[in-house]
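Since the structure comes first, as structure tokens, the remarks are kept for the end.
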Amino acid sequence: MISENQLSTVWAPRLLSVLRVMAALLFVAHGTMKLLGFPDSGRPGPDLFSLMGLAGTLEIVGGLLLVLGLFTRPVAFVLAGEMAFAYFMAHAPQDFFPIKNGGESAVLFCFVFLYLAAAGAGSWSLDAARKANG
């Protein structure tokens, strides 16, 4: 049986890393669909110098940095802001409730990234490796 102390000191930082990696991989998929058309969205890609182009770039680059756990706190903070902006620009005007306006993933990403900005990358990350070597 795992003790409460072992759960909080050993497993919590590891599971934080798992949460970061899985959320980031899902986030990268949003960016690749916007910019690269993969998986196929049925819509043409946006102009790179548009809001959707910027969003796709942030999602791919920021998501990959989060997968690696590199510069996690500032990247996660920027991505949380992007998701808040996306929610209020694209989803909130349609309906008050996220489940009805299609914005539940934007809200969830926003708060997961806000948590990562505060908690850091976890033990399995380049941030942790840099800290251990620096």
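Scanning both residues, Met83 and Ala106, for their nearest heavy atoms gives CB-O, 3.5 Å. What you find for Phe38 and Thr32 is that their closest heavy atoms are O-OG1, 2.8 Å. Between Ile60 and Val28, the shortest heavy-atom contact is O-CG2, 4.1 Å. A pairwise comparison of heavy atoms in Pro98 and Tyr87 identifies CG-OH, 3.5 Å as the closest pair. Here the closest non-hydrogen pair linking Ser125 and Gly122 is OG-O, 3.0 Å.
Using a 4.5 Å cut-off on side-chain heavy atoms (C-beta onward), Leu116 and Leu16 make contact.
Rounded to the nearest 0.5 angstrom, Leu15 CG and Leu7 CG are separated by 8.0 Å. Leu54 CG to Phe85 CZ: the interatomic distance, rounded to the nearest 0.5 Å, is 9.0 Å. Atom OG of residue Ser41 and atom CG of residue Leu36 lie 10.5 Å apart, to the nearest 0.5 angstrom. The distance from atom CE of Met52 to atom CG of Asp47, rounded to the nearest 0.5 Å, is 12.0 Å.
By the rule that hydrophobic residues join a cluster once side-chain heavy atoms approach within less than 4.5 Å of another member, Leu126 and Leu65 end up as members of one cluster. Residue Leu64 is not grouped with residue Met33 when hydrophobic side chains (ILVMFWY) are merged at heavy-atom distances under 4.5 angstrom, including chains of intermediate members.
Screening residues 55-66 for salt bridge (charged side-chain N to carboxylate O under 4.0 Å, His left out), with sequence neighbours left out, gives Lys34-Glu59. For residues 4-16, no pair satisfies salt bridge (charged side-chain N to carboxylate O under 4.0 Å, His left out), with sequence neighbours left out. Applying the ring-ring contact (aromatic ring centres under 6.0 Å, His included) test to every pair with at least one member in residues 46-81, sequence neighbours left out, gives no pairs at all. Within the structure, salt bridge (charged side-chain N to carboxylate O under 4.0 Å, His left out) contacts touching residues 94-118 (residues at least two apart or in different chains) are Asp95-Lys100.
Here the side chain of Gln94 pairs a donor or acceptor atom with the backbone of Ala90 at under 3.5 angstrom. In this structure, the side chain of Thr57 engages the main chain of Gly53 through a donor-acceptor pair within 3.5 Å.
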Identify every side-chain donor-acceptor pair in residues 107-115 under 3.5 Å, counting partners at least two apart or on other chains, and give the distances.
none

Side-chain donor-acceptor pairs under 3.5 Å in residues 17-27, sequence neighbours left out?
residue	atom	partner	partner atom	Å
Ser17	OG	Pro13	O	3.3
Ser17	OG	Ala121	O	3.2
Ser17	OG	Ser123	N	3.2
Ser17	OG	Trp124	N	2.9
Arg20	NE	Ala121	O	2.8
Arg20	NH1	Leu66	O	2.6
Arg20	NH1	Val67	O	2.9
Arg20	NH2	Trp124	O	2.4

Subject >> Candidate pair Leu70 and Val75, rule side-chain contact (heavy atoms from CB on, under 4.5 Å), full reasoning >> reply: CA-CA 8 Å; Leu70 185 61; Val75 169; over 6 Å; no
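For Leu51, the CG atom sits in a loose shell: 12 or fewer heavy atoms of surrounding residues, nucleotides or ligands are nearer than 6.0 Å.
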